[in-house]
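Every chain is numbered from 1 and lettered A, B, ... according to where its sequence line falls, protein lines coming before strand lines. Everything numeric in this text was worked out from a predicted model, so none of it was measured.
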Amino acid sequence: MLNVTGIQVFYDNIHAIKDVSFHVDEGEIVTLIGANGAGKSTILKTISGLIRPAAGKIEFLGHSIVNLSPHKIVRKRLAHCPEGRRLFLQMNVRENLQMGAYSREDVDMEAELAAVYERFPILDERRNQRAGSLSGGEQQMLAMGRAMMAKPLLLMLDEPSMGLAPILVEQIFDLIVELNDAGTTILLVEQNAEMALSIADRGYVLETGSVVTTGNCADLLNDERLKKAYLGG
Amino acid sequence: MDFLSYFISGISLGSIYAIIALGYTMVYGIAKMLNFAHGDVIMVGGYMSFMATTNFGWPPLLSVLFAMVVCTVLGILIEQLAYKPLRAAPSLAVLITAIGVSYFLQNAALLIWSANPKSFSSIVPFDSLRLFGGKLIISGTTIVTIIVCIVIISALNTIVNKTKVGKAMRAVSEDKDAAQLMGVSVNKTISITFAIGSALAAIAGVLLCSAYPILMPTTGAMPGIKAFTAAVFGGIGSIPGAFLGGILLGIIEILGKAYVSTQLSDAIVFAVLIIILLVKPTGLLGKKVLVKV
């Protein structure tokens, strides 16, 4: 479904992504894990078009999406829920959700909103409040709801658990599995490697801009070296 | 009664500033740049309306529409040719370019229409309103200006808050990258913003020349700067702020002229700006954005 081949990304003179290749098949949950600064977010931004790679190929559903503008890429139903949520804090909850469906045509807005509100009743209660007035957990739910409104074929999530209480982290991961069961392919970037590997099918481990290990999650979870580096023992 | 008369003139002048300030503030909010050529688009609007009525003999309303169409196209062209190539450039480069475009427009006008002032006849065909047995006279132009400003503000409010285009504008203004990830085309949104701002500048130009009937290549410069002041005064980036700032500035200027000194009225306007910015650096309605992590 998504094929990334040999991408190179530079920030000015810093070689941020060095010849990274990976793929995501339809129906999978694939996770990119690695320490801060390993280049995980940069890879997602490169796929969604916010950053142009210096070299390499990115294909989605068999078509090259390198050099397309971000707004054209999302219209191919490849959505990116960015790090730090990036909600529109001055808009209310409802408007944020409506923005989620911006790239789609012929949307039955009321039905789609109802589906999100059903999943997150708290958002229904707060629909006329500004997103900036929500708590961190509520904001993450809104970010997930906004991503659901895009009805993507492939959803890229960047650190959805960041800064959340453990109970909320679990809720968010349950939702990711649910979305996947409903047919959405997921590319998940996480620092919480253990959590990510527990729900994903396959994983890629990144270190300073390169893929160092890849495999099934079960194998990665048992990898001694990985245990030391990322899984706390 | 004099005071009331001055006050109404102030609101009317302020309405013109508000309409111009809207263009400044919307462009700033969305493209994060100060379009110092905005004032000169007003002047072009004035000349277009003048040409339409005087040279082609068109009716007033048609002349306004003509000015709006020309200014809209001009605004989009300026953005595409001068500002778009600088999207990734430092803001100082964009600012200097904007000043360059401003001089370009003034000198092009000088070349086309010469430095001789044209006397503009008001496009408002209504008679003055006489109240309190003739003690208070409000000109038709004043009334029309205030009404037009109210209509524009309400229309803009509806566009920004209720339509898809408006939501895209707000999204780009708040977070350009996130807006793109939602599927918003930033370039298209910036073009639309310039188009709206320039169409408003055309209206402001016609109203300004109807109230102060001298049209020259520099006609737009001072009102442009004052409207920019109004936008900063109200909180740049905020539409209600531009409205409030414009109206207040108009009132302060006219009352300053009437009760303090005609020569000092501009100084008073800018002094008030300085004081407001010292007390509240974001302007009257400027927002301080809190980010939760």
Side-chain angles (χ1 to χ4, degrees), chain A residues 44-45 47-51 68-92 94-105 107 109 130-140 142-143 146-147 149-150 152 155-156 158 162-164, chain B residues 25-26 28-32 80 84-85 87-90 157-193 235-242 282-283 285-293:
Chain A
L44 294 199
K45 284 185 192 161
I47 296 169
S48 61
L50 291 174
I51 298 175
L68 281 187
S69 307
H71 70 271
K72 288 192 175 140
I73 292 176
V74 66
R75 277 179 207 159
K76 295 184 179 290
R77 302 183 64 190
L78 195 175
H80 177 187
C81 185
E83 187 178 11
R85 303 186 276 266
R86 306 287 282 270
L87 295 170
F88 302 110
L89 299 177
Q90 305 293 333
M91 294 189 191
N92 65 29
R94 192 188 162 81
E95 289 169 331
N96 267 282
L97 291 173
Q98 287 169 338
M99 281 309 295
Y102 187 94
S103 61
R104 294 166 57 206
E105 280 158 30
V107 185
M109 197 59 89
R130 279 192 315 107
S133 72
L134 302 183
S135 73
E138 288 162 354
Q139 288 193 359
Q140 186 59 47
L142 180 53
R146 189 175 70 171
M149 293 292 288
L155 174 59
M156 304 195 291
D158 197 344
M162 193 168 65
L164 296 185
Chain B
T25 226
M26 286 173 69
Y28 180 82
I30 284 151
K32 299 285 179 272
Q80 295 282 321
K84 195 178 171 187
R87 204 79 94 214
N157 221 16
T158 310
I159 290 174
V160 168
N161 288 314
K162 303 281 178 219
T163 66
K164 199 173 175 181
V165 163
K167 282 201 191 88
M169 290 165 86
R170 284 156 65 205
V172 172
S173 136
E174 201 177 321
D175 187 335
K176 215 160 142 181
D177 281 354
Q180 293 191 77
L181 291 180
M182 299 298 119
V184 177
S185 163
V186 170
N187 284 333
K188 202 174 114 194
T189 309
I190 291 178
S191 283
I192 292 171
T193 309
I236 191 133
S238 153
I239 289 178
T282 48
L285 300 183
K287 286 173 204 144
K288 225 172 136 187
V289 181
L290 288 173
V291 181
K292 218 171 251 165
V293 184

Handout entry: For E174(B) against L87(A), the heavy-atom pair lying closest together
Key = OE2-O, 3.9 Å
Handout entry: Residue Y28(B) excluded, over 12 heavy atoms near OH under 6.0 Å
Key = no
Practice task
Mind ranking S48(A), A150(A), P70(A), S103(A) by heavy-atom pairs under 4.5 Å with chain B and telling me who comes out on top?
Solution key: P70(A)
Exercise for the section: Go through the atoms of I73(A) and report whether side chain, backbone, both or neither lie under 4.5 Å from a heavy atom of chain B. Expected result: neither
Handout entry: Minimum heavy-atom distance between A143(A) and C81(A), given as atom pair plus value
Key = O-SG, 3.9 Å
Handout entry: N/O donor-acceptor pair under 3.5 Å between E95(A) side chain and K167(B) backbone
Key = no
Handout entry: Contact origin within R146(A) toward chain B - heavy atom pairs under 4.5 Å
Key = side chain
Fill in the blank from the handout: Cut-off 4.5 Å, heavy atoms of chain A, and the answer for N161(B) is backbone
